[in-house]
Amino acid sequence: MSTPHIQHHIGGRVSAASSTRFQDVFNPATGAVTGQVALANAADVGEAVAAAQAAFPAWADTPPIRRARVMFKFLELLNQKKDDLARMITAEHGKVFTDAQGEVARGIDIVEFACGIPQLLKGDFTDQVSTGMDNWTLRQPLGVVAGITPFNFPVMVPMWMFPVAIAAGNTFVLKPSPIDPSPSLFIADLLKQAGLPDGVFNVVNGDKEAVDALLVHPDVKAVSFVGSTPIANYIYETGAHHGKRVQALGGAKNHMVVMPDADIEQSVDALIGAAYGSAGERCMAISVAVLVGDAAEKIMPALIERTKALKVLNGTNLAAEMGPIVTSIAHQRITGYIEQGAKEGAQLLVDGRGFDGAKAGEGCANGFWLGGTLFDHVTPDMRIYKEEIFGPVLSCVRVPDFATAVQLINDHEFGNGVSCFTRDGNVAREFARRIQVGMVGINVPIPVPMAWHGFGGWKKSLFGDMHAYGEEGVRFYTKQKSVMQRWPESIGKGAEFVMPTAK
């Protein structure tokens, strides 16, 4: 049986690539090739941008309430088909089905937020700013905007971008990860069914060649990106150089501080779920446990036991807690970090490299499997502490007191997410105020903000000035215009040569 070809969605229809390059798509649980995705060249990207540019004037002129009605219909279809999307995620990414369902649900939250676009686009009005003169502001769409999204959330992260962008009147070109491309095309079909005009939403699959074509295309007015820090920096610098508005969300090294007074059982639950959920392939995963004072002695025995007992299974099994690693290349990178950590002197308490994929389910022997891995006595000079591993590896760092914990985190180059588990209200307040990280959880291990608040880190975790989604997302995808108006009857005679002032 021939392997299916996964193409692009341009101008409201499936579009064959002019490029002759393709990349294999795998089921990570089995290691089997399930499809081949087309990798766009500059001509393919140009076709998508041209379709979006052609659709922009009419869509921008569509009243916001009518754009919202399309989003409401899309929301209805999403809720009908959400489990189909989740199954696609599990098949191509490998995360367990229940986690994939959660991803889709968080994406749906953003669509619900975008349905309120008539309210979100309201401007300000001042009557009589000067005699006979009024002043008001409005927000207008930018034009063609692009989203470049990662493999780890093939539904949620694109939904951080396109619902707000489209509802605000822009047209959109999505370049998803070629590792798990199918959900994006399914979303494009749902948007068409919802009544979105052809060309308003387009999908071009591809790699760096497609990314570079978007970054230099003169008709692309803004670019949103989520991925690793080196690529985020490249996207930001290249896009800005070519006159584009850019928000580029980069990597992370998220810490969870466990204070001596913390509830140990809750802390263990939080660490296990946040470190090993989605095989650690989350930009908000907890990868460092900062154990303060005697918290280490209280928590380590339970942490070791729970890490060893993780249910690592095919994601289609509803009993699964963790699925496979997304690709064989990622698997090699993660196992290399584990080897490096042991060499540098960290205490390897649970080694996931020995996991047998055959135990994960029928047909899984050749999948990209790794068990949960746990290090203790990790120090800040070690690579496993400094660098983003993006896998199921939890590093425990022991510190004597709260002040040292805060300083440790503030010294790190990343500032995406952080958490503190404590019963002490003053500690919680001081932590939230003093920590130099963009998203903070107090007894919440993965503090991903809700749809109306906005997502984004600090330091090398974010390049650009505006966070994703929420009201900042609306501002990112629109430009403010100020209008001052008066009528001839109120205008005095004679030219004025001085700076206008209120009169």
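Values below: all heavy atoms of this structure, side chains included; hydrogens, waters and symmetry mates excluded. Nothing fancy with the numbering, it's 1 onward along the sequence.
- For D83, the side chain to side chain donor-acceptor pair (under 3.5 Å) partners at least two apart in sequence or on another chain are Q101.
- Here D465 pairs with nothing under the salt bridge (Lys or Arg N to Asp or Glu O under 4.0 Å) rule; sequence neighbours left out.
- Applying the salt bridge (Lys or Arg N to Asp or Glu O under 4.0 Å) criterion to R353, with sequence neighbours excluded, gives D351.
- Scored by the ring pair (Phe, Tyr, Trp, His ring centres under 6.0 Å) test, Y236 finds no partners at all (sequence neighbours excluded).
- In this structure T316 satisfies the side chain to side chain donor-acceptor pair (under 3.5 Å) test together with N314, sequence neighbours excluded.
- Under the 30°/60° scheme for interplanar angles, the aromatic rings of F431 and F402 are found to be tilted.
- Ionic pairing of K460 and E413 is present here: one or more N-O contacts between side-chain nitrogen and carboxylate oxygen are shorter than 4.0 angstrom.
- Looking at residues two or more places apart in sequence or on another chain, you find no salt bridge (Lys or Arg N to Asp or Glu O under 4.0 Å) involving D189.
- Across every non-hydrogen atom of F476 and S224, the tightest pair is CE2-OG, 3.5 Å.
- For residues 305-333, every residue pair satisfying the salt bridge (Lys or Arg N to Asp or Glu O under 4.0 Å) rule, not counting sequence neighbours, is listed here: D269-R306.
- Residues passing the salt bridge (Lys or Arg N to Asp or Glu O under 4.0 Å) test with R69, sequence neighbours excluded: none.
- Applying the ring pair (Phe, Tyr, Trp, His ring centres under 6.0 Å) rule to F421 yields no partners; only residues at least two apart in sequence or on another chain are considered.
- Pairs of residues two or more places apart, or lying in two chains, never qualify as salt bridge (Lys or Arg N to Asp or Glu O under 4.0 Å) while including a residue from residues 148-160.
- For residues 270-282, the set of pairs meeting the salt bridge (Lys or Arg N to Asp or Glu O under 4.0 Å) definition, not counting sequence neighbours, comprises D99-R282.
- The salt bridge (Lys or Arg N to Asp or Glu O under 4.0 Å) analysis of residues 416-425, with sequence neighbours excluded, yields the pairs D263-R423.
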